[in-house]
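Accompanying notes for the structure given below.
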Amino acid sequence: MTAPTCALVIGASGGLGGALAQALRARRPPETVLMLSRRDDGLDITDEQSVVAAVGGLLPAGVRLDTVIDATGILDVDGERPEKAFKEVRAEHMARSFAVNALGPALLLKHLVPQLAADNRAVFVSLSARIGSIGDNRLGGWVSYRASKAALNQILRCAAIEAGRSHPDVIIAALHPGTVETALTRRYARGRYTATPEVAAGQLLDVIDTLSPEDSGGFFDFEGKPIEW
Ligand SMILES: NC(=O)c1ccc[n+]([C@@H]2O[C@H](COP(=O)([O-])OP(=O)(O)OC[C@H]3O[C@@H](n4cnc5c(N)ncnc54)[C@H](OP(=O)(O)O)[C@@H]3O)[C@@H](O)[C@H]2O)c1
């Protein structure tokens, strides 16, 4: 008999995280979908003690995780907009972007990959952004956000390689959700097609369902198409 499993959405207080948790609960027994967030649980992903406290006793004995969706992230930093040019680069802004968008997911990987159901297919995805693609960068700007998402992608790739050595059925990937109507995009998406969080969540779950171990370490959009690094 296979061991019971749960899914976990981190950043469930966010626009995409909330919709992803709701969509997962519609697709599987709702009691098998766990949620964590800073707002509701005090989880600060940039603080390792906070991560350990939140994920340490999360699972009942014998239960493993089959799906982890990290939907945390920031674009503005404490209300401050992303940089349009290098003259606007500020140390605190960039450091905070890296702390939340790169260090935080690294700490989540450190403490959650060991809790994945490694004897079966199990998935850990983080919401990255196409704008973190170096090859796709033709406009510049938004230096801290772009660079911190590029760092996130590299962190996920490292984790995928390491996990794949011992657990070939574990899939770790970066996903781009598209432009989605949430608090994060409110000031920036004007005039662009913007999906609702519900539509984006359905698309992302479909992509997660189709990922195979060969995709581990990859970067995919909301239709499952690979994105260049
Ligand atoms: N929306 C888009 O169009 C779009 C496009 C490309 C990529 N993305 C990516 O998708 C992800 C989710 O974005 P969203 O649009 O859903 O944004 P959102 O509504 O602003 O949600 C962001 C989430 O991140 C959490 N968070 C921020 N700092 C945190 C910290 N230090 N510790 C723990 N949680 C923290 C927030 O928690 P609290 O609310 O509890 O503070 C919230 O749950 C982000 O990584 C974003 O870069 C979004």
Side-chain angles (χ1 to χ4, degrees), residues 7-26 33-47 50-51 54 67-84 88-90 92-108 125-133 139 141-153 156 174-205 207-208 219-223 227:
L8 170 64
V9 179
I10 304 157
S13 54
L16 275 159
L20 281 158
Q22 217 169 22
L24 266 175
R25 289 166 78 93
V33 181
L34 309 176
M35 291 173 270
L36 280 174
S37 72
R38 181 168 61 179
R39 186 188 69 194
D40 298 325
D41 308 287
L43 165 63
D44 178 357
I45 60 165
T46 68
D47 173 352
S50 175
V51 171
T67 308
V68 177
I69 303 178
D70 162 29
T72 62
I74 54 170
L75 171 58
D76 290 356
V77 177
D78 297 330
E80 187 177 275
R81 289 170 179 263
E83 317 89 342
K84 283 192 180 139
E88 295 172 12
V89 166
R90 286 202 323 110
E92 297 81 2
H93 184 111
M94 186 171 279
R96 189 72 199 147
S97 301
F98 271 81
V100 177
N101 293 340
L103 167 68
L107 294 175
L108 296 176
V125 294
S126 275
L127 298 189
S128 182
R130 186 186 296 278
I131 207 167
S133 162
L139 290 174
W142 290 24
V143 186
S144 296
Y145 186 67
R146 282 186 190 276
S148 61
K149 289 295 189 182
L152 166 66
N153 292 348
L156 290 162
L175 296 185
H176 167 63
T179 304
V180 186
E181 206 181 309
T182 67
L184 184 134
T185 50
R186 203 182 38 229
R187 301 211 275 187
Y188 308 103
R190 209 170 300 134
R192 301 186 58 190
Y193 170 74
T194 312
T196 63
E198 292 70 30
V199 166
Q203 291 173 315
L204 290 168
L205 292 190
V207 172
I208 290 169
F219 182 18
F220 302 96
D221 73 7
F222 53 92
E223 292 180 319
I227 301 176

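It should be emphasised that the depicted structure is a prediction, and the values quoted were computed from it without experimental measurement.
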(message) Run the salt bridge (charged side-chain N to carboxylate O under 4.0 Å, His left out) test against Asp44 and tell me which residues pass, sequence neighbours left out.
(response) none

(message) If I compare all heavy atoms of Ala151 with all of Ala102, which pair ends up nearest, and what's the gap?
(response) CB-CB, 3.9 Å

(message) Using side-chain contact (heavy atoms from CB on, under 4.5 Å), reason through Met94 and Val143 one step at a time and then give a plain yes or no.
(response) CA-CA 8 Å; Met94 186 171 279; Val143 186; 3.8 Å; yes

(message) Do Ile74 and Leu184 have side chains that approach each other closer than 4.5 Å (heavy atoms only, starting at C-beta)?
(response) no

(request) Report the residues that fulfil side chain to side chain contact (heavy atoms under 4.5 Å, CB included) with Pro105, sequence neighbours left out, ordered by chain and then residue number. (result) Ile45, Asp70, Ser126, Leu152

(request) Check step by step if side-chain contact (heavy atoms from CB on, under 4.5 Å) holds for Leu20 and Leu127. (result) CA-CA 11 Å; Leu20 281 158; Leu127 298 189; 4.1 Å; yes

(message) Show the nearest heavy-atom pair for residues Ala19 and Glu198, with the distance to one decimal.
(response) CB-N, 4.1 Å

(message) Checking Asp76 against Tyr188: is there a side-chain donor and acceptor pair closer than 3.5 Å?
(response) yes

(request) State the CG-OG distance between Leu107 and Ser50, to the nearest 0.5 angstrom. (result) 10.0 Å

(request) Find out whether Leu16 and Leu204 are in side-chain contact, i.e. whether some heavy atom of one side chain is under 4.5 Å from a heavy atom of the other. (result) yes

(request) Compare every heavy atom of Asn101 with every heavy atom of Ser148, then report the nearest pair and how far apart it is. (result) OG-ND2, 3.1 Å

(message) Could you check whether any side-chain heavy atom of Thr67 comes within less than 4.5 Å of a side-chain heavy atom of Leu8, counting everything from C-beta outward?
(response) no

(message) Once salt bridge (charged side-chain N to carboxylate O under 4.0 Å, His left out) is applied, do any residues pair with Asp41, and if so which ones, sequence neighbours excluded?
(response) none

(request) Return the minimal non-hydrogen interatomic distance between Ala23 and Leu205, and the atom names on each side. (result) CB-CD1, 3.5 Å

(request) With rounding to the nearest 0.5 Å, note down the distance linking CZ in Arg81 to CZ in Arg187. (result) 4.0 Å

(message) Suppose we screen for side chain to side chain contact (heavy atoms under 4.5 Å, CB included). Which residues come up paired with Gln22, at least two apart in sequence or across chains?
(response) none

(message) What I'd like to find out is whether the side chain of Ile208 reaches to under 4.5 Å of the side chain of Ile69, using heavy atoms alone.
(response) yes

(request) Could you tell me whether the side chain of His176 reaches within less than 4.5 Å of the side chain of Phe222, counting heavy atoms only? (result) yes

(request) Locate the shortest heavy-atom distance separating Ala129 from Tyr145; write the atom from each residue and the value. (result) CB-OH, 3.7 Å

(request) Scan Lys149, Glu80, Glu88, Glu83 and name whichever one has a side chain to side chain donor-acceptor pair (under 3.5 Å) with Ser144. (result) Glu83

(message) Tell me every residue that passes ring-ring contact (aromatic ring centres under 6.0 Å, His included) with Phe219, counting only those two or more places apart in sequence or in another chain.
(response) Trp229

(request) Measure the CG-OG distance between Leu43 and Ser13 for me, rounded to the nearest 0.5 Å. (result) 9.0 Å

(request) Check step by step if side-chain contact (heavy atoms from CB on, under 4.5 Å) holds for Val199 and Gln203. (result) CA-CA 6 Å; Val199 166; Gln203 291 173 315; 4.0 Å; yes

(message) Rounded to the nearest 0.5 Å, what separates atom CZ in Arg130 from atom CZ in Phe220?
(response) 12.5 Å

(request) Would you name the heavy atoms of Ile131 and Trp142 that are closest together and state the gap between them? (result) CD1-CE3, 3.6 Å

(request) Check the surroundings of atom CG in Asp40: do more than 12 heavy atoms from other residues, nucleotides or ligands lie under 6.0 Å from it? (result) yes

(request) Taking the side chain as every heavy atom from C-beta outward, state whether Thr182 and Thr185 have any atom pair closer than 4.5 Å. (result) yes

(request) Starting at CZ of Arg38, measure out to OG1 of Thr46 and round the result to the nearest 0.5 Å. (result) 8.0 Å

(request) Calculate, to the nearest 0.5 Å, the distance between atoms CG and NZ belonging to Leu139 and Lys84 respectively. (result) 13.0 Å

(request) Any pair with a residue in residues 92-105 that passes salt bridge (charged side-chain N to carboxylate O under 4.0 Å, His left out), sequence neighbours left out, goes on the list, sorted by first then second residue, please. (result) Arg90-Glu92

(message) Is there a side-chain contact (heavy atoms from CB on, under 4.5 Å) between Leu34 and Val9? Walk through the geometry before answering.
(response) CA-CA 6 Å; Leu34 309 176; Val9 179; over 6 Å; no

